[in-house]
Structure formats: C-alpha cells, structure tokens
Novice: 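The structure follows.
Note that the coordinates shown come from a computational prediction; the quantities given were computed from them, not determined experimentally.
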Amino acid sequence: MDKLHLAIELGRQRRYGEAIPLFLEILSRDGHNGEAQLYLGRSYHALGNFSLAIDCLQTFCRRHQDSAVGHFFLGRSYLSAGVYPSAADHLYRASLLNPSLKQARVLLAITWMHLRRYEQAQELLGRLVEEYPQDGDLYRGYLNTLLLNGIRHFKNEDYEYAVEIFEFLRFQNYDHILPHLYLGILYKNQGDISGALDAYETALTYSPRDELILYRTAILNIKHGKEKRAKELLDLLHRLYPDSSLLKDTEVEHSFSREYLRRGDYEKALSHAMSLLKRNTRDLTARLIVAESYRELGQFERAGNHYQRALEQSPQNTEIHGNLGITFFRQGELRQAEKVFSDILRKKPHLHTIRYYWLLSRNRDDVDQELYRSQLEEAFGHLGEDAVLWSCMGDSFTRQGEFARAEDSYRRALDSDSQAEPALRGLIDLSRHQEIEDLSDLLEVYLDLNPRDVRRHRYYIQILFQNEVYHEALKRIEQLLP
C-alpha cells in the first residue's frame with residue numbers, strides 16, 4: 001500500500017494524527033496532489049482545526065473549481081468556523097454542481113438558518129423531505145426550521161401565519177414545548193381563552209415544574225371558570241416556591257434567564273437577570289445575560305455599558321470583547337467596533353469571524369478606500385467569494401465615484417447570493433448616479449425582504465408611477481399606510 005492510500009485508510013479509521021504527517025509529506029514532494037490536499041483538509045476539520053482545514057480546502061477548490069465535493073467540505077469547515085456567508089456560498093456551489101449531494105443541501109439549509117434566511121431554509125428542506133420521505137432525521141430538521149420560521153413571524157407580528165405554523169407542528173406531534181407556549185400566547189392575545197388554556201396545559205406536560213407556565217396556566221384556568229384546577233396549580237406553585245427559592249439558587253436562576261433568552265423573550269430575560277445583579281453585582285453570568293438582552297432589544301448603549309462592566313471583571317475574555325465589538329457594530333459605531341476588533345486580532349489573528357466583522361466595520365467614508373479594497377481582496381483569498389464583502393467593495397467604489405466598477409462588484413455579490421441585501425441596496429442607490437437596467441426587479445426583490453424600508457419603498461413607487469404601472473404603485477402605497 002502506497003503512502004497516499006495508507007494515509008487515506010488511517011483517516012477512515014479516524015487516526016487523523018497519524019494520517020496528517022503522511023499527507024504533508026506527500027504534498028511536500030507533490031504540491032499539486034489534489035487527493036492528498038482534499039483529505040488533509042478533511043483531517044484538519046475532523047480534529048477541529050477549522051482554520052487549517054479552510055486553508056487546505058481553499059487551495060483544493062482554487063485548483064478544482066468544479067469539484068462539488070471540494071466545495072462541500074470547504075463550506076462545511078466555514079460553517080463549523082461560524083463564517084456563515086462563505087459557508088452558504090460554497091455549499092450552494094456544491095449543490096449546483098451535484099444536486100444529488102444531499103448533505104450539501106442539508107448543510108446549506110442549516111447555514112441559511114444561521115443567516116436568518118428561514119424561508120429559504122424551509123423551502124429547501126421541504127424539497128428534500130419530498131425527495132427523501134423515509135429520512136426521519138431530515139423531516140425533524142424540516143420541522144425544526146418551521147419552528148424557527150414560526151418564531152420569526154411571531155416576532156414580526158405576522159400572527160396569523162405564526163399560528164398556522166405552530167398548529168401544523170402540533171398536528172404533526174412535534175415533540176417540543178415551544179409551539180404550545182407560542183400558541184398559548186397567541187390565542188390569549190386573540191381572546192381565545194379556551195385555545196390558550198389547551199396550549200398551556202400541553203406545555204405544562206413538558207415542564208410540569210416551570211414556575212411561569214404553572215402561573216399562567218392557573219390564571220387561564222381561573223378565566224375559563226376551572227377554579228378547582230386553578231387551585232391545584234396554585235397550591236403546587238406555592239409548595240414548589242414558597243419563598244422564591246429559585247432566586248436563591250444561582251445555577252437555576254441563570255438557567256431560567258438563558259431559557260428566556262433562547263425563547264427570544266428578551267424582556268423577561270432582562271428582568272430576571274437584573275434582579276440577580278441587584279443582589280450580587282459581581283454575578284458575571286447575569287451581567288452578560290443583561291448585556292445580551294439589551295442588545296437584542298436594540299438598547300445598544302446599555303448593552304455596551306454592561307459588556308464594559310463585565311470586562312472589568314474578566315479583562316482577557318475574548319468572547320466578551322467580541323460581543324462588545326458586535327454591539328458597537330450593530331449600533332452603527334463602526335470606528336469603535338473596528339478598534340475593538342483590531343485589538344482582538346493583534347492578539348489572536350486567526351479568528352476568522354472577528355476578522356470578518358473587522359472588515360465590515362471598516363466599510364466607512366473615513367478610511368483609505370484603496371487600502372480597504374486591497375484588504376477585501378486579501379480576504380477573498382482567505383475566505384473565498386463572499387456576497388457581503390463584494391458589497392463592501394461596491395460601496396468603496398461608489399464613494400470614489402467609480403460607479404461602473406461599483407455595479408460590477410454588486411453584481412458579483414448577487415452572483416454569490418441573489419438575495420444579498422447590501423448588494424441590492426447598493427445597486428438601488430447607485431441608480432441615482434447611473435442607469436440600472438433591472439432596477440424594478442431589484443427593488444421588488446429587496447422590498448420583499450425589507451418591506452419596512454420606507455425610503456426605498458417610496459423610491460419604487462415613484463418609478464412605478466413614472467412607468468405608468470399604477471396598479472402595482474397603489475398596492476405599494478397601501479403597504480406603507482399605517
């Protein structure tokens with residue numbers, strides 16, 4: 001058996017530590033041995049060294065651009081490293097090159113969920129379920145995606161569609177507490193006490209000792225006239241928590257706060273964690289929950305203050321530094337975000353996610369645009385084609401009045417992701433400087449993704465009137481009305 005096949009066999013036996021030196025030796029003699037390059041990247045991935053895996057697999061994909069397997073493994077490594085836009089790009093290419101590569105499409109759906117593109121993930125998984133009806137794991141993944149999509153519609157106040165999703169999950173005997181909790185909230189808000197009570201009673205079977213569920217179920221029983229059942233639940237609640245004992249158990253208290261965060265009930269998480277901080281200002285876990293809750297509620301200044309306080313307790317904690325930088329970034333304080341990310345990268349330059357955010361934070365008027373574009377070009381070498389970074393490239397060209405090159409960059413972004421919002425915005429705004437032939441199509445796609453962007457909505461309405469498309473213009477006007 002030659003060394004290559006021996007190394008591959010060691011990898012199949014999961015003896016990656018023994019296989020890697022052999023692959024490296026083979027590549028030292030023949031740097032263009034694609035099979036060794038591919039398996040080396042897979043071995044690094046198996047050991048959790050995603051940075052080296054990405055480097056190897058990028059090299060392989062540059063030389064074998066039509067390799068579905070290569071793009072699949074590269075996308076998988078990006079996904080594991082948390083670089084979701086690049087993961088989506090390569091997994092999408094893999095699925096195009098080989099539509100029968102089921103796992104690539106499954107991971108693409110998972111990546112889209114990370115990118116909060118739940119509708120696309122749901123549609124893709126739905127097609128896969130139709131193609132592979134006997135795959136139980138795949139169907140469970142589809143139901144999980146439906147759950148996330150239902151939660152998203154709930155948060156967007158699309159309550160009618162949210163009810164349809166949660167009811168479908170309940171009809172499918174989906175084994176999870178959240179559909180019942182959300183249905184309880186939705187039916188209660190609609191005044192359907194009977195439906196709300198049924199949902200909460202079911203939720204209680206999943207978590208019969210949950211203080212909040214016990215309380216809400218008891219109240220609903222009272223409103224429904226079931227006083228005996230309500231008394232039973234209230235008695236149980238008093239027996240379980242006679243002196244608010246949960247508040248004395250830090251681990252349990254943190255678990256409750258995290259659960260509220262996981263559900264997306266940020267106000268409840270904030271209230272609970274704040275009560276812990278009032279009792280112990282050194283409770284680092286509670287402070288971080290408070291910070292994250294404020295951030296998700298859009299109260300960025302308060303979130304930043306709490307991350308700063310957390311860093312006073314744990315100044316070397318990279319994760320806290322990173323969360324502070326992301327808070328600045330989401331707040332629009334790009335200079336501060338860049339400074340935080342730069343400080344992290346000086347100590348840990350291998351953190352690809354931080355480097356990615358660092359590049360995004362430099363997408364500003366006050367940076368050297370030529371230097372910035374060279375940094376983006378360098379990033380393409382490490383991260384591969386990325387729609388968001390190509391959009392940043394387009395923004396940079398726009399700032400310098402190079403509109404043709406800006407359009408080319410935005411188009412390259414859309415080649416990678418046809419629904420890349422920064423690229424769509426860039427092209428729409430670029431139309432004020434030069435003609436964009438498919439402007440109406442771009443506006444329609446963008447506004448479907450961002451129906452509350454009033455400024456661009458009005459711009460689209462003006463164009464529709466100019467083109468005498470009055471029916472569509474009136475429909476768009478109705479969407480803007482309160």
Novice: If you round to the nearest 0.5 Å, how far is OG1 of Thr111 from CG of Leu124?
Specialist: 10.5 Å

Novice: Would you please say whether a donor-acceptor pair under 3.5 Å links the side chains of Arg362 and Tyr372?
Specialist: no

Novice: Would you mind reporting whether Tyr266 and Leu270 have side-chain heavy atoms less than 4.5 Å apart?
Specialist: no

Novice: Between Gln419 and Arg117, is a side chain to side chain donor-acceptor pair (under 3.5 Å) present by the stated rule, with each step listed?
Specialist: CA-CA 10 Å; Gln419 293 186 323; Arg117 290 161 59 176; 4.6 Å; no

Novice: From Arg152 CZ over to Leu147 CG, what is the distance, rounded to the nearest 0.5 angstrom?
Specialist: 13.0 Å

Novice: Any salt bridge between Glu292 and Arg295, counting N to O under 4.0 Å?
Specialist: no

Novice: Ion pair present between Arg411 and Asp408, side-chain N to carboxylate O less than 4.0 angstrom?
Specialist: no

Novice: Between Ala387 and Ala420, which heavy-atom pair has the shortest distance, and what is it?
Specialist: CB-CB, 3.8 Å

Novice: Between Arg364 and Glu338, does any side-chain N to carboxylate O distance fall below 4.0 Å?
Specialist: yes

Novice: Between Leu74 and Cys61, which heavy-atom pair has the shortest distance, and what is it?
Specialist: CD2-SG, 4.0 Å

Novice: For Glu437, does the CD atom have more than 12 heavy-atom neighbours from other residues, nucleotides or ligands under 6.0 Å away?
Specialist: no

Novice: For salt bridge (Lys or Arg N to Asp or Glu O under 4.0 Å), just list the numbers for Glu131 and Lys102, CA-CA rounded to whole Å, side-chain angles, deciding distance to a tenth of an Å, and then say yes or no.
Specialist: CA-CA 10 Å; Glu131 294 175 31; Lys102 180 176 75 170; over 6 Å; no

Novice: When you measure from the side chain of Ser271 to the backbone N and O of Lys268, does any donor-acceptor pair fall under 3.5 Å?
Specialist: no

Novice: Going from CZ on Arg425 to CD1 on Ile428, what distance comes out if it is rounded to the nearest 0.5 angstrom?
Specialist: 9.0 Å

Novice: Which atom names give the shortest non-hydrogen contact between Ala81 and Ile54, and what distance separates them?
Specialist: CB-CD1, 4.1 Å

Novice: Specify whether His71 and His90 have parallel, tilted or perpendicular ring planes, treating 30° as the upper limit for parallel and 60° as the lower limit for perpendicular.
Specialist: parallel

Novice: May I ask you to decide if Glu319's main-chain N or O and Asn323's side chain share a donor-acceptor pair within less than 3.5 Å?
Specialist: yes

Novice: Where do Leu424 and Leu449 land on the side-chain contact (heavy atoms from CB on, under 4.5 Å) test, with the steps shown first?
Specialist: CA-CA 10 Å; Leu424 291 168; Leu449 296 170; 4.0 Å; yes

Novice: How many angstroms lie between atom CG of Leu52 and atom OG of Ser43, to the nearest 0.5 angstrom?
Specialist: 11.5 Å

Novice: Taking Cys392's backbone N and O only, do any of them form a donor-acceptor pair with Ser396's side chain (distance below 3.5 Å, no angle check)?
Specialist: no

Novice: Determine whether a donor-acceptor pair (N or O, by modelled atom type, separation under 3.5 Å) exists between the side chain of Thr205 and the backbone of Thr202.
Specialist: yes

Novice: Do the non-hydrogen side-chain atoms of Asp438 and Leu427 ever get within less than 4.5 Å of each other?
Specialist: no

Novice: Parallel, tilted or perpendicular for Tyr84 and His114, by the 30°/60° rule?
Specialist: parallel

Novice: Measure the shortest side-chain to side-chain distance between Arg330 and Glu296 over non-hydrogen atoms and say whether it is less than 4.5 angstrom.
Specialist: yes

Novice: Would you call Tyr118 and Glu123 a side-chain contact if the rule is heavy atoms closer than 4.5 Å?
Specialist: no

Novice: Are the side chains of His45 and Phe73 in contact, using a 4.5 Å heavy-atom criterion?
Specialist: no

Novice: Are the side chain of Ser314 and the backbone of Leu311 linked by a donor-acceptor contact shorter than 3.5 Å?
Specialist: no

Novice: Restricting to non-hydrogen atoms, name the atom on Leu108 and the atom on Ser95 that form the minimum distance, rounded to 0.1 Å.
Specialist: CD2-OG, 4.2 Å

Novice: Less than 4.0 Å between a side-chain N and a carboxylate O, is that true for Asp198 and Arg170?
Specialist: yes

Novice: Side-chain contact test, heavy atoms from C-beta onward, threshold under 4.5 Å: evaluate it for Leu107 versus Phe72 and give yes or no.
Specialist: yes

Novice: Going through the distances and angles, do Arg287 and Asp283 end up as a salt bridge (Lys or Arg N to Asp or Glu O under 4.0 Å)?
Specialist: CA-CA 6 Å; Arg287 189 170 296 283; Asp283 188 335; over 6 Å; no

Novice: For Asn305 and Arg302: C-alpha separation, side-chain torsions, deciding distance, then whether side chain to side chain donor-acceptor pair (under 3.5 Å) applies.
Specialist: CA-CA 5 Å; Asn305 289 338; Arg302 290 183 175 181; over 6 Å; no

Novice: Please check if atom OH in Tyr174 has more than 12 non-hydrogen atoms from other residues, nucleotides or ligands closer than 6.0 Å.
Specialist: yes

Novice: Ignoring hydrogens, what is the shortest heavy-atom contact between Ile463 and Ser440? Give both atom names and the distance.
Specialist: CG2-OG, 4.0 Å

Novice: Does the distance from a Lys or Arg side-chain N to an Asp or Glu carboxylate O, for Glu472 and Arg476, drop under 4.0 Å?
Specialist: yes

Novice: Quick check on the 6.0 Å ring-centre criterion: do Phe329 and Tyr357 meet it?
Specialist: yes

Novice: Given Val445 and Asp441, is the side-chain contact (heavy atoms from CB on, under 4.5 Å) satisfied, shown in steps?
Specialist: CA-CA 6 Å; Val445 172; Asp441 293 337; 5.6 Å; no

Novice: Find out whether Trp390 and Phe380 are in side-chain contact, i.e. whether some heavy atom of one side chain is under 4.5 Å from a heavy atom of the other.
Specialist: yes

Novice: Should we say atom CD of Gln65 is surrounded by more than 12 heavy atoms from elsewhere, each under 6.0 Å from it?
Specialist: no

Novice: Rounded to the nearest 0.5 Å, what's the gap from OG on Ser409 to CG on Leu389? Could you check?
Specialist: 11.5 Å

Novice: Apply salt bridge (Lys or Arg N to Asp or Glu O under 4.0 Å) to Arg140 and Asp137, showing your working.
Specialist: CA-CA 5 Å; Arg140 282 188 290 275; Asp137 290 337; 2.2 Å; yes

Novice: Using modelled atom types only, decide if a donor and an acceptor are shared between the side chain of Asn98 and the backbone of Ser100 within a distance under 3.5 Å.
Specialist: yes

Novice: For Ser207 and Leu204, indicate whether the former's side chain and the latter's backbone hold a donor-acceptor pair under 3.5 Å.
Specialist: no

Novice: Donor-acceptor check, side chain of His457 to backbone of Leu447, threshold 3.5 angstrom: yes or no?
Specialist: no

Novice: Determine whether more than 12 heavy atoms belonging to other residues, nucleotides or ligands lie under 6.0 Å from atom CZ of Arg14.
Specialist: no

Novice: What is the distance from atom CD of Glu385 to atom CG of Asp415, rounded to the nearest 0.5 Å?
Specialist: 9.0 Å

Novice: Using modelled atom types and a 3.5 Å cut-off, is there a donor and acceptor pairing between side-chain atoms of Asn221 and backbone atoms of Thr217?
Specialist: yes

Novice: Tell me if the CZ atom of Arg458 is crowded by more than 12 foreign heavy atoms within 6.0 Å.
Specialist: no

Novice: If the threshold is 4.0 Å, N to carboxylate O, is there a salt bridge linking Arg456 and Asp453?
Specialist: yes

Novice: Could you check whether any side-chain N or O of Tyr161 sits under 3.5 Å from a backbone N or O of Phe154, counting only pairs where one atom can act as donor and the other as acceptor?
Specialist: no

Novice: Does Glu267 form a side chain to side chain donor-acceptor pair (under 3.5 Å) with His272? I'd like the steps, not just the answer.
Specialist: CA-CA 9 Å; Glu267 291 183 354; His272 192 270; over 6 Å; no

Novice: Between Tyr44 and Ser77, does the side chain to side chain donor-acceptor pair (under 3.5 Å) criterion hold? Intermediate values first, please.
Specialist: CA-CA 9 Å; Tyr44 280 134; Ser77 292; over 6 Å; no

Novice: If you define the side chain from C-beta out and look only at heavy atoms, does anything of Leu181 sit under 4.5 Å from Tyr206?
Specialist: no

Novice: Side chains of Ser431 and Tyr459: is there a donor and an acceptor less than 3.5 Å apart?
Specialist: yes

Novice: Please give me the minimum heavy-atom distance between Gly150 and Ala162, naming the atom from each residue.
Specialist: O-CB, 3.7 Å

